[in-house]
Amino acid sequence: MNSLYSLHAQAQVRWHALPGKGDPVVFIHGLGCASSYEYPRIVADPAFAGRCAILIDLPGYGYSERPASFSYRTSDQAQVVIELLDHLGLDAFWLYGHSMGGSIAIEVASRIPQRVNALAVSEPNFHAGGGAFSRVIAAQDEADFVTCGYAAMLAQEKNAWAGSLQSSAPWAVWRGAKSLVDGIEPSWMSLFAHFPRPKTLIFGELSLPDNDADSVLQQGIELRIIPRAGHSMSDEQPALLAQTLAAFIAEHE
């Protein structure tokens, strides 16, 4: 695993650089997740076609450090991602983000569009208000969540994702959730709609119908659907997600 001291986060940020062909695919994970947990199965799948990949654990998550002083807002996480991309000297890459990571990916792409070959996001937050998960977290006081709410949430989780959540700093989870509820201006939807390079929105079939998916279609933006999957598509249908990402990239090489 690789490590960089982020001046923006004042912390060590860690990532996997997995060898393969072509410009790398940069993966950004969602709230309470880690790319080191979520995406190796995707990259290793034969359907991914042996592409080079960068799996980033954002500050506060996975193997990266978790400074108490960092904001953990999506805009600051996006700046850390750009700092890492600059460190790697990547002038051309494919960008994928899921859920909160999709919102962060949109912000990254909007700041350095000339370096992003194409942008794929799956079920991101497009508007202020958060999702069901982030709203529950942000409704609590940060101190209460850190001391009590985080442990209660962990105790309720019975699936494998609990292992990723327990590797996340509770203050990072709360501040990330609050950031999703607060939103940004212009909105993630506006930034996505105006991104000038190829882009696609990915949804799990079981997450539909959805107003954001309908809105994207009405704007003439491509929607790709993962059959028999909901929001946790990397766990539910990893091979199909790998196939979807590889197909999208192949269409724009």
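Here the SG-CD1 distance, from Cys33 to Ile28, works out to 13.0 Å after rounding to the nearest 0.5 Å. Ile106 contributes atom CD1, which lies 8.5 Å from atom CH2 of Trp188 (distance to the nearest 0.5 angstrom). Between atom CD of residue Glu157 and atom CG of residue Leu165 there is a gap of 6.5 Å, rounded to the nearest 0.5 Å. Note that CG of Leu154 is 6.5 Å distant from CD of Gln166, once rounded to the nearest 0.5 Å. Rounding to the nearest 0.5 Å gives a distance of 9.0 Å between CG of Leu55 and OH of Tyr39. Taking CG of Asn2 as the reference point, atom CD of Gln12 lies at 11.5 Å (rounded to 0.5 Å).
Hydrophobic cluster membership differs between Val173 and Val181, with clusters built from Ile, Leu, Val, Met, Phe, Trp and Tyr side chains linked at under 4.5 angstrom.
At least one donor-acceptor pair closer than 3.5 Å links the side chain of Lys158 to the backbone N or O of Ala155. Lys199 places a side-chain N or O within 3.5 Å of a backbone atom of Ala193 that can act as its donor or acceptor partner. A donor-acceptor contact shorter than 3.5 Å is absent between the side chain of His231 and the backbone of Leu206. Side chain of His98 to main chain of Ser122: a donor-acceptor pair is present (N/O by atom type, distance under 3.5 Å, no hydrogens or angles). Between the side chain of Ser187 and the main chain of Gly183, no donor-acceptor pair closer than 3.5 Å is present. Here the side chain of Trp174 pairs no donor or acceptor atom with the backbone of Ala169 at under 3.5 angstrom. A side-chain donor-acceptor contact under 3.5 Å links Arg135 to the backbone of Gly130. Using a distance-only test at 3.5 Å, with no hydrogens or angles considered, no donor-acceptor pair links the side chain of Ser164 to the main chain of Ala160. For His194 (side chain) and Ser190 (main-chain N/O), a donor-acceptor pair under 3.5 Å exists by modelled atom type.
The stretch residues 180-191 participates, sequence neighbours left out, in these salt bridge (Lys or Arg N to Asp or Glu O under 4.0 Å) pairs: Arg73-Asp182, Lys178-Asp182. Residue pairs that meet the salt bridge (Lys or Arg N to Asp or Glu O under 4.0 Å) test with at least one member in residues 111-122, sequence neighbours left out, are Asp86-Arg115, Glu107-Arg111. Sorted by first and then second residue, the salt bridge (Lys or Arg N to Asp or Glu O under 4.0 Å) pairs with a member in residues 227-250 form an empty list; sequence neighbours excluded. Sorted by first and then second residue, the salt bridge (Lys or Arg N to Asp or Glu O under 4.0 Å) pairs involving residues 25-35 (not counting sequence neighbours) form an empty list. Residue pairs meeting the side-chain hydrogen bond (donor to acceptor under 3.5 Å, both in side chains) criterion with at least one member in residues 57-68, sequence neighbours excluded: Ser36-Asp57. Pairs engaging residues 239-251 under the side-chain hydrogen bond (donor to acceptor under 3.5 Å, both in side chains) rule: Arg224-Glu251 [sequence neighbours left out].
Partners of Leu88 under the side chain to side chain contact (heavy atoms under 4.5 Å, CB included) rule, at least two apart in sequence or in another chain, are Trp15, Ile54, Leu84, Leu90. Under the rule for a side chain to side chain contact (heavy atoms under 4.5 Å, CB included), the partners of Asp212 that lie at least two apart in sequence or sit in another chain are Phe126, His127, Met189, Asp210. Under the side chain to side chain contact (heavy atoms under 4.5 Å, CB included) criterion, Asp45 pairs with Arg41, Ala47, Ala239, Ala242, not counting sequence neighbours. The side chain to side chain contact (heavy atoms under 4.5 Å, CB included) check on Arg175 picks up Tyr72, Glu142, Trp171, with sequence neighbours excluded. Evaluation of the ring-ring contact (aromatic ring centres under 6.0 Å, His included) rule for Phe133 yields Trp161 as partners, not counting sequence neighbours.
Gln219 and Ser215 form a side-chain donor-acceptor contact under 3.5 Å, judged by distance and modelled atom types alone. With hydrogens and angles left out, the side-chain atoms of Ser99 and Glu123 include no donor and acceptor closer than 3.5 Å. Side-chain atoms of Ser35 and His29 include no donor-acceptor pair closer than 3.5 Å.
Summarising the local packing, CG of Asn159 is surrounded by more than 12 heavy atoms from other residues, nucleotides or ligands at distances under 6.0 Å.
Across Gln237 and Ala229, no two heavy atoms sit closer than the pair CG-CB, 3.8 Å. Considering all non-hydrogen atoms of both residues, Leu58 and Ile104 come closest at CD1-CD1, 3.6 Å.
In the hydrophobic clustering, Tyr5 connects to Leu7, either directly or through intervening members, whenever side-chain heavy atoms lie under 4.5 Å apart.
Between Leu245 and the options Val25, Ile202, Thr200, Val43, a side chain to side chain contact (heavy atoms under 4.5 Å, CB included) holds for only Ile202.
Aromatic ring orientation, Tyr150 versus Phe145: perpendicular (interplanar angle above 60°, classes split at 30° and 60°). In this structure, Tyr96 and Phe27 have perpendicular ring planes: the angle between them is above 60°, well past the 30° mark.
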